[in-house]
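All remarks here apply to the structure that follows.
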Amino acid sequence: MNFSIFVRMKHKMLAILALAAALQAAGAQSQPDQAKKDPLFFVKIAANVAGNVQRELVNGSAGIYVDHQNWAAGLKDGDLGPFLKLQEAKPGRSAACLFTRDKDAAVCLYFNGDSPFGMASVKAGATGKLEAGDIAAAYKPLSKEMLKRYAEELTFTPGDITTDDGQPLPAFLVTIAKK
């Protein structure tokens, strides 16, 4: 037997094992990144903020995610549009909004990539509806207090919702978990 064949095979095996380990490590690193891109990631952050700024809004609300690809359809929507108009549509920009069942209160969070940077929180006035002027005036940057985890444990039941022109958007029914 030629000993050099074993040495070459050993080196190839080590190279293959090293490559496999590197690919596995790269896959493990990208898994959290992929999880962050899931609409639920963004809606959970918005629910925490909503719980900290409008506690009564969270239970039974609809959490809606709008990514940069659906931004134009969201702008045309009667409910989402006034919130999305507060920010420029651009790649990596997204929003997660929570609306009460009656649409008389809402919180909308804005993201650049995975990072939230601003929000608008409004309640209906005398008309019983959310007014565009109130939404624009309600915009503010996020504070660390707003981003704290909401005190109650929440459940997120997935579903879809459509904009006024029929564009489907990921949505979740947000409820307080039963104890």
Side-chain angles (χ1 to χ4, degrees), residues 30-87 89-124 129-130 134-135 138-179:
S30 67
Q31 249 178 347
D33 291 340
Q34 289 171 344
K36 287 183 180 180
K37 300 297 181 199
D38 180 33
L40 182 56
F41 169 82
F42 298 97
V43 172
K44 282 183 175 181
I45 294 171
N48 282 328
V49 171
N52 291 319
V53 299
Q54 272 194 61
R55 183 174 217 85
E56 70 281 359
L57 173 118
V58 179
N59 194 33
S61 65
I64 304 165
Y65 176 69
V66 182
D67 65 13
H68 72 276
Q69 295 170 334
N70 294 318
W71 200 273
L75 280 171
K76 295 180 220 168
D77 186 79
D79 299 315
L80 291 169
F83 287 95
L84 299 180
K85 287 177 183 171
L86 297 180
Q87 295 298 320
K90 62 182 186 177
R93 174 75 39 91
S94 64
C97 302
L98 271 72
F99 288 88
T100 58
R101 189 166 289 149
D102 295 331
K103 299 179 191 171
D104 60 352
V107 170
C108 195
L109 222 63
Y110 306 96
F111 296 84
N112 279 328
D114 298 339
S115 301
F117 65 89
M119 56 94 57
S121 174
V122 293
K123 293 181 184 179
K129 293 182 147 193
L130 301 178
D134 295 337
I135 294 168
Y139 178 81
K140 60 180 119 184
L142 289 172
S143 70
K144 289 182 181 181
E145 283 296 312
M146 291 177 194
L147 289 168
K148 285 184 177 179
R149 183 174 166 85
Y150 181 55
E152 302 284 340
E153 184 167 341
L154 300 173
T155 58
F156 298 84
T157 306
D160 286 311
I161 201 163
T162 57
T163 61
D164 291 342
D165 67 356
Q167 177 70 37
L169 297 173
F172 301 87
L173 174 62
V174 183
T175 54
I176 294 176
K178 294 179 182 175
K179 294 178 182 185

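- With contacts defined as side-chain heavy-atom distances shorter than 4.5 Å, the pair Leu142/Leu109 qualifies.
- The shortest distance between side-chain heavy atoms of Phe117 and Arg93 falls below 4.5 Å.
- No donor-acceptor pair closer than 3.5 Å links the side chain of Asp77 to the backbone N or O of Thr163.
- Shown here for Gly63 and Val43, the closest heavy-atom pair between the two residues is CA-CG1, 3.9 Å.
- Within the 4.5 Å cutoff, the side chain of Phe83 has heavy atoms near those of the Tyr110 side chain.
- A distance of 4.5 Å separates CG of Leu40 from CZ of Phe172, quoted to the nearest 0.5 Å.
- Of the possible polar contacts, none joining the Asn48 side chain to the Leu147 backbone as a donor-acceptor pair under 3.5 Å is found.
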*Can you list the steps and then say if Asn59 with Val174 is a side chain to side chain contact (heavy atoms under 4.5 Å, CB included)?*
CA-CA 6 Å; Asn59 194 33; Val174 183; over 6 Å; no
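- Between Leu169 and Asp160, every side-chain heavy-atom pair lies at or beyond the 4.5 Å cut-off.
- Lys123 places none of its side-chain heavy atoms less than 4.5 Å from the side chain of Asp134.
- Across Tyr65 and Pro39, no two heavy atoms sit closer than the pair CD2-CB, 3.6 Å.
- A distance of 11.0 Å separates CG in Leu75 from CD in Gln87, rounded to the nearest 0.5 Å.
- For the pair Trp71/Lys90, no side-chain contact is recorded, criterion being any heavy-atom separation below 4.5 Å from C-beta on.
- Pairing each heavy atom of Ala106 with each of Leu130, the nearest pair is CB-CD1, 3.8 Å.
- The CG atom of Leu84 sits 10.0 Å away from atom CG of Asn70, with the distance rounded to the nearest 0.5 Å.
- Minimum interatomic distance between Phe42 and Ala96 (heavy atoms only, all atoms of both residues): O-CB, 3.6 Å.
- With hydrogens and angles ignored, the 3.5 Å screen pairs no side-chain donor or acceptor of Asp67 with any backbone N or O of Ser94.
- For Leu98 against Ala46, the heavy-atom pair with the smallest separation is CD1-CB, 3.6 Å.
- For the side chain to side chain contact (heavy atoms under 4.5 Å, CB included) criterion with Met146, the lone passing option out of Val107, Ile45, Val53 is Val53.
- Contact check for Leu80 versus Cys97: side-chain heavy atoms found under the 4.5 Å cut-off.
- With rounding to the nearest 0.5 angstrom, the CG atom of Asp79 is 11.5 Å from the SG atom of Cys108.
- Side chains of Val58 and Glu152 form no contact here, defined as non-hydrogen atoms less than 4.5 Å apart.
- Pairing each heavy atom of Lys76 with each of Asp165, the nearest pair is NZ-OD2, 3.8 Å.
- To the nearest 0.5 angstrom, Thr155 atom OG1 is 7.0 Å from Leu173 atom CG.
- The CD atom of Gln54 lies 7.5 Å from the CE atom of Met119; values are rounded to the nearest 0.5 Å.
- Between the side chain of Gln167 and the main chain of Gly74, no donor-acceptor pair closer than 3.5 Å is present.
- Inspection of the Thr100 and Asp102 side chains reveals no N or O donor paired with an N or O acceptor under 3.5 Å.
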